[in-house]
Trainee: 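This is the structure, below, for whatever I ask next.
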2 protein chains.
Amino acid sequence: MIHQKSIKNNYHHGDLQNALLEETIKIIAEEGVASVTLRALSKRLGVSRTAPYRHFSDKTQLLTHVAIIGFERFRKHLQVSKEQRNNTILKQFQLMGAAYIQFALRHPSYYKLMFSEPLLTENRSIALEVASNASFNQLLDILKQCQQAGVLKNDDIERQAIFIWSNLHGFCSLILEGHLPLKKQQQEDAIVYIQNTILQGIEAA
Amino acid sequence: MIHQKSIKNNYHHGDLQNALLEETIKIIAEEGVASVTLRALSKRLGVSRTAPYRHFSDKTQLLTHVAIIGFERFRKHLQVSKEQRNNTILKQFQLMGAAYIQFALRHPSYYKLMFSEPLLTENRSIALEVASNASFNQLLDILKQCQQAGVLKNDDIERQAIFIWSNLHGFCSLILEGHLPLKKQQQEDAIVYIQNTILQGIEAA
DNA sequence: ATTTATATGTTGACGCTGTCAATATAACAT
DNA sequence: ATGTTATATTGACAGCGTCAACATATAAAT
C-alpha cells in the first residue's frame, strides 16, 4: 500500500482545523447541512476520513463550531447598523431588524444550522450559548438606547427583546422552512408591514 | 386515533400502515425525531425492517404523513377556541394564540417535525402543504371575523396573519430550540406580553 | 373449489455513515 | 540523536436506508 499523501510534507495538512471549518461552510452553502459528511468533507480536503477527529471530538462538535462562527458573523452583520451614527437611534434599530432578515435570507443554511435545536438542546455547548447570547445582546443594547432616548416604551427590556426576536426569527424560519411561499415583492411588503407593526406595539406613546 | 381500524384484521399484520404512523409518533414523543429509524420502528411492531416499504415509498414519506396528522390535530386544537361562542370574537382570537403556543410546548417533537424544512422544501408534498394551509386558514378566518367586527385594523389579511404567525412560531421555535431558557413564570409572563404587544400593533384605533 | 392475481411481508445484500482502535509519520523539545 | 507530542492513516464495526429477489396471505376470477 502506497500512501500517496506521504510523498513528502503532505502528511500534515498545516491548518486542518480551519480548513475543516471553512470547507464545512462551503458544503453547507452549496448542498445544505444534510450533505455535510465527515467522509465527503475529508475527501474534499485530501485527508483521510478520520483526520477531523484530531481537531473535533465528533461531527456534532464540528457543526457546533461552525454555528459559533455563524453567530459571530451574524453579530457583526447586525452591528454594522449601529455604526451608522448619522441616523437616529430608532432608524438604527430598524436597520438592525432589516439586517437580521437579510442575513437569514442570504445565508439560509447557515442560519438554519445556527438555530437547529439538537446543537443547543441535546448537545449543549457553552461556547455556542455565549455566541448566541452575544447576538441577542446586540438587540438588547439598541433597545436600551431607544428606551433611554424615549422613543420606545419602558417595558421590561428582556420581554421586549423576546417579542422582537420571536417576530424576526419566526418570519425568517417560516420562509426558510417553505411555509410562506411569497414572491419577492410580497416578501418585501411583508417585511415593511412587520417592521411597522412591531413598532406600533413598542413605541412610546 | 389516526384512522379507525377495520373491524376485521384481514392482512398479515392487520393494519400496519396506521400502526407505523402511531408508533412513529410514540417514538418521536419518547426520544425525538432523530431516533425514528425504520429498523427500530419495525422491530417495535414485530415486523421486518422493510415492511414499511409496502406502505410508504421511503422514510421521508412516512414522516411527511406523520407531519400531516400533526397539522390536522393542530388545526383541531386551534379550532376549539373558536367554538367558545359565549366569548367575544377578540377573546376567541386571543384564545387561539394561547392554544397555538400550548400545542407547540406540549408536543415539542411533533411541532418540530411539522415545521422541519426538508419536508416542505427538499421533498415537497402537496398533501402536507394542504394540511399546513388548513391550519393557517384557521388564523385567517378569525382575523377576518375580527376585522368585520371592527376590533382589528383593516390591514391586508394575509400580511396581518403572517405577522401573527411569525410571532407565535418564532417564540415557540426559540423556546423549543433552547435559545430562550426561561423559567415557567418568565415564560408565562412573556406569553402575556407578546399577546398584548401583538394586539397593540393590529387592534382598531 | 381451484386457480390466478394482488397485496403484503421477509431475507440478503449494498453502499453509505460515524466512530473506535491500532498504527504510522511529522514536528518539536531536549 | 532521542524521546515526546501532535497529527494523520488504515482497518474494522455496527447502524442506517433501500433495492432486488423471494415468500405467503388474502382477494378475485374461473
Side-chain angles (χ1 to χ4, degrees), chain A residues 1-24 27-28 30-67 113 116 118-119 122-123 125, chain B residues 2-3 5-24 27-28 30-67 113 116 118-119 122-123 125:
Chain A
M1 274 321 170
I2 303 162
H3 301 171
Q4 47 181 6
K5 293 278 103 192
S6 65
I7 305 283
K8 262 296 178 192
N9 37 14
N10 275 12
Y11 197 96
H12 278 48
H13 180 279
D15 194 7
L16 185 55
Q17 173 145 7
N18 285 320
L20 286 166
L21 291 169
E22 284 181 17
E23 200 67 23
T24 300
I27 296 176
I28 289 176
E30 290 169 12
E31 317 171 44
V33 71
S35 297
V36 174
T37 279
L38 289 186
R39 296 169 114 103
L41 172 63
S42 302
K43 196 170 233 171
R44 284 171 67 135
L45 292 174
V47 296
S48 74
R49 44 190 158 57
T50 58
Y53 285 90
R54 302 302 126 198
H55 304 278
F56 302 98
S57 63
D58 56 19
K59 186 185 175 182
T60 299
Q61 203 173 79
L62 166 64
L63 290 176
T64 300
H65 274 244
V66 172
L113 175 66
S116 66
L119 259 44
E122 291 173 33
N123 222 299
S125 154
Chain B
I2 289 151
H3 241 353
K5 235 177 163 183
S6 49
I7 296 167
K8 235 178 144 190
N9 288 348
N10 289 326
Y11 279 89
H12 301 163
H13 177 279
D15 196 3
L16 185 55
Q17 171 144 7
N18 284 317
L20 286 165
L21 291 169
E22 285 183 15
E23 201 67 24
T24 300
I27 296 175
I28 288 176
E30 289 169 14
E31 318 171 45
V33 70
S35 296
V36 174
T37 278
L38 289 185
R39 294 167 115 102
L41 172 64
S42 302
K43 196 172 232 170
R44 285 171 66 134
L45 292 174
V47 295
S48 73
R49 41 192 162 49
T50 58
Y53 285 90
R54 301 302 129 193
H55 304 277
F56 302 98
S57 64
D58 54 21
K59 187 184 176 183
T60 300
Q61 204 174 76
L62 167 64
L63 289 176
T64 299
H65 274 244
V66 172
L113 175 66
S116 66
L119 258 44
E122 290 173 32
N123 222 300
S125 153

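Quick note on labels: first sequence line is chain A, next is B, and so on, each numbered from 1. Keep in mind that this is a model prediction, so the values were computed, not measured. Any value given below was found using the heavy atoms of this structure, including those in side chains, with hydrogens, waters and symmetry copies removed.
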Trainee: Round to a whole Å and report the spacing from CG of B:L62 to C1' of D:dC16.
Mentor: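 Roughly 15 Å, once rounded to whole Å.
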Trainee: What integer distance in Å separates B:K43:NZ from D:dG17:P?
Mentor: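 Taking atom P of D:dG17 as the reference, NZ of B:K43 is at 13 Å.
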Trainee: Between B:Q17 (CD) and C:dG9 (C1'), how many Å, whole number?
Mentor: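 B:Q17 atom CD is separated from C:dG9 atom C1' by 15 Å.
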Trainee: For A:S116, which residues count as a side-chain contact (heavy atoms from CB on, under 4.5 Å) partner, sequence neighbours excluded?
Mentor: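 In terms of side-chain contact (heavy atoms from CB on, under 4.5 Å), with neighbours along the sequence ignored, A:S116 is linked to A:L113, A:P118, A:L119.
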Trainee: Does B:Y53 have any ring pair (Phe, Tyr, Trp, His ring centres under 6.0 Å) partners at least two apart in sequence or in another chain, and if so, which?
Mentor: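 Not a single residue meets the ring pair (Phe, Tyr, Trp, His ring centres under 6.0 Å) criterion with B:Y53.
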Trainee: What about A:R54, does its side chain sit under 3.5 Å from the base of D:dA8 through a donor-acceptor pair?
Mentor: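 Check passes, donor-acceptor contact within cut-off.
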Trainee: Over all heavy atoms of both residues, which pair between B:L16 and B:A51 is shortest? Give the atoms and the distance, please.
Mentor: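 For B:L16 and B:A51, the tightest heavy-atom pair comes out as CD2-CB, 3.9 Å.
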Trainee: Quickly work out the B:L16 CG to D:dA25 P distance and round it to whole Å.
Mentor: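 Answer to the nearest Å: 16 Å.
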Trainee: Rounded to whole Å, how long is the line connecting atom CG of A:L20 with atom P of D:dT7?
Mentor: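 It is 12 Å, rounded to the nearest whole Å.
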Trainee: What is the distance, to the nearest angstrom, from the CG atom on B:L63 to the C1' atom on D:dT18?
Mentor: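 Checked: the CG to C1' distance equals 15 Å.
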Trainee: Quick one: which protein N/O atoms are closer than 3.5 Å to N/O atoms of nucleotides 17-20 of chain C? Pair and distance per line, please.
Mentor:
| residue | atom | partner | partner atom | Å |
| --- | --- | --- | --- | --- |
| C:dT17 | OP1 | A:T37 | OG1 | 3.2 |
| C:dG18 | OP1 | A:L38 | N | 3.3 |
| C:dG18 | OP1 | A:K59 | NZ | 3.1 |
| C:dG18 | OP2 | A:L38 | N | 3.1 |
| C:dG18 | N7 | A:R39 | NH1 | 2.3 |
| C:dG18 | O6 | A:R39 | NH1 | 3.0 |
| C:dT19 | OP2 | A:Y53 | OH | 2.9 |
| C:dT19 | OP2 | A:K59 | N | 3.0 |
| C:dT19 | O5' | A:Y53 | OH | 3.0 |

Trainee: Can you sort out the partners of A:N18 under side chain to side chain donor-acceptor pair (under 3.5 Å), two or more places apart, ordered by chain and number?
Mentor: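 If we apply the side chain to side chain donor-acceptor pair (under 3.5 Å) test to A:N18, skipping adjacent residues, the hits are A:D15.
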Trainee: Listed by chain and number, what are the side-chain contact (heavy atoms from CB on, under 4.5 Å) partners of B:E31, not counting sequence neighbours?
Mentor: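 B:I27, B:S35, B:R44.
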Trainee: To the nearest Å, give me how far apart CZ (A:F56) and P (D:dA8) are.
Mentor: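 A:F56 atom CZ is separated from D:dA8 atom P by 12 Å.
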Trainee: Going by side-chain contact (heavy atoms from CB on, under 4.5 Å), name the residues that satisfy it together with A:S42, two or more places apart in sequence or in a different chain.
Mentor: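 For A:S42, the residues satisfying side-chain contact (heavy atoms from CB on, under 4.5 Å) (neighbours in sequence not counted) are A:V47, A:P52.
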Trainee: Less than 4.0 angstrom between a side-chain N/O of B:H55 and OP1 or OP2 of C:dA7, yes or no?
Mentor: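 So the side-chain polar atoms of B:H55 never come under 4.0 Å of the phosphate oxygens OP1 or OP2 of C:dA7.
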